[in-house]
Peer 1: 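Sharing a structure below in structure tokens format, with a few things to ask.
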Amino acid sequence: MPREHAVGLEDLDGATSAHVWSVGHDMARALRRSRMRCEGINVLLCDGEVAFQSVFHFHLHVIPRYAGDGWTFKAESPERKRSLLDSDAQAIKDAITGRTDW
């Protein structure tokens, strides 16, 4: 969690973003090597209310996982038509190409 207030990922500058992900990586490595003996790890970012963000200060979850721990991600992604996927991809490319502050 960065010290300076940021609501979501877009609010972070590049250096802070890189640092947060680096710390998340270090935490995951420490969990794997610890006595906790976790069987897996989820790294989770909830950015926006519809993405299940409930604390509106940017933070990265590094969650140790165990078989039968009760955590579930119920993802039933609707299948999208190729034309819609292509349109989405083009919209993202346009946003990246048009951005001047990267």
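No hydrogens, no waters, no symmetry mates; every other heavy atom, side chains included, goes into these values. Numbers here are sequence positions counted from 1.
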Peer 1: Do L45 and V43 sit in one hydrophobic cluster, given that two such residues count as connected whenever their side-chain heavy atoms are within less than 4.5 Å of each other, even indirectly?
Peer 2: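 They do share one cluster, since a chain of ILVMFWY contacts under 4.5 Å joins L45 to V43.
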
Peer 1: Under 3.5 Å, is there a donor-acceptor pair between the T97 and D94 side chains?
Peer 2: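 Not at all, the side chains of T97 and D94 share no donor-acceptor pair under 3.5 Å.
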
Peer 1: If you define the side chain from C-beta out and look only at heavy atoms, does anything of F58 sit under 4.5 Å from T16?
Peer 2: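 No - every pair of side-chain heavy atoms lies 4.5 Å or more apart.
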
Peer 1: Determine whether F73 and N42 make a side-chain contact, defined as any pair of heavy atoms from C-beta on separated by less than 4.5 Å.
Peer 2: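 Heavy-atom side-chain distance check passes, below 4.5 Å.
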
Peer 1: What about V20 and M27, same hydrophobic cluster or not, with Ile/Leu/Val/Met/Phe/Trp/Tyr joined at side-chain heavy-atom distances under 4.5 Å?
Peer 2: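 Result: yes, single cluster for both.
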
Peer 1: Between CG of D26 and CH2 of W21, what distance do you get to the nearest 0.5 Å?
Peer 2: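 Between atom CG of D26 and atom CH2 of W21 there are 13.5 Å.
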
Peer 1: Are V62 and I41 close enough that some pair of their side-chain heavy atoms sits under 4.5 Å apart?
Peer 2: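 When only atoms from C-beta onward are counted, I41 and V62 do touch, with a gap below 4.5 Å.
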
Peer 1: Determine whether a donor-acceptor pair (N or O, by modelled atom type, separation under 3.5 Å) exists between the side chain of D47 and the backbone of L9.
Peer 2: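 Yes: the side chain of D47 pairs with the backbone of L9.
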
Peer 1: From D13 CG over to H19 NE2, what is the distance, rounded to the nearest 0.5 angstrom?
Peer 2: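 Atom-to-atom, D13:CG and H19:NE2 are 11.5 Å apart.
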
Peer 1: Between CG of L44 and CD of Q53, what distance do you get to the nearest 0.5 Å?
Peer 2: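 Reported value, rounded in 0.5 Å steps: 10.5 Å.
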
Peer 1: Indicate every side-chain donor-acceptor pair of residues 28-38 with a distance under 3.5 Å to a residue at least two apart or in another chain.
Peer 2:
residue, atom, partner, partner atom, Å
S34, OG, L31, O, 2.9
S34, OG, M36, N, 3.0

Peer 1: Which pair of non-hydrogen atoms, one from S17 and one from L12, has the smallest distance, and what is that distance?
Peer 2: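 So the two residues come closest at CA-CD1, 4.0 Å.
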
Peer 1: Quick one: does E39's side chain have a donor or acceptor within less than 3.5 Å of a partner on Y66's backbone?
Peer 2: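 No; zero donor-acceptor contacts below 3.5 Å.
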
Peer 1: Tell me which pairs pass salt bridge (charged side-chain N to carboxylate O under 4.0 Å, His left out) where either residue lies in residues 55-69, with sequence neighbours left out.
Peer 2: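 Residue pairs passing salt bridge (charged side-chain N to carboxylate O under 4.0 Å, His left out), neighbours aside: R65-D69.
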
Peer 1: Checking the side chain of E49 only, and the main-chain atoms of F56 only, is there a donor and an acceptor separated by less than 3.5 Å?
Peer 2: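 Not a single qualifying donor-acceptor pair exists.
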
Peer 1: Keeping to residues at least two apart or across chains, list the salt bridge (charged side-chain N to carboxylate O under 4.0 Å, His left out) pairs with something in residues 76-93.
Peer 2: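 Sorted pair list: R80-D88, R82-D86.
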
Peer 1: Does the ring center of H59 lie less than 6.0 Å from the ring center of H61?
Peer 2: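 Yes, the ring centres sit under 6.0 Å apart.
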
Peer 1: Is it the case that atom NE2 in H57 sees more than 12 heavy atoms from other parts of the structure closer than 6.0 Å?
Peer 2: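 Yes, enclosed.
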
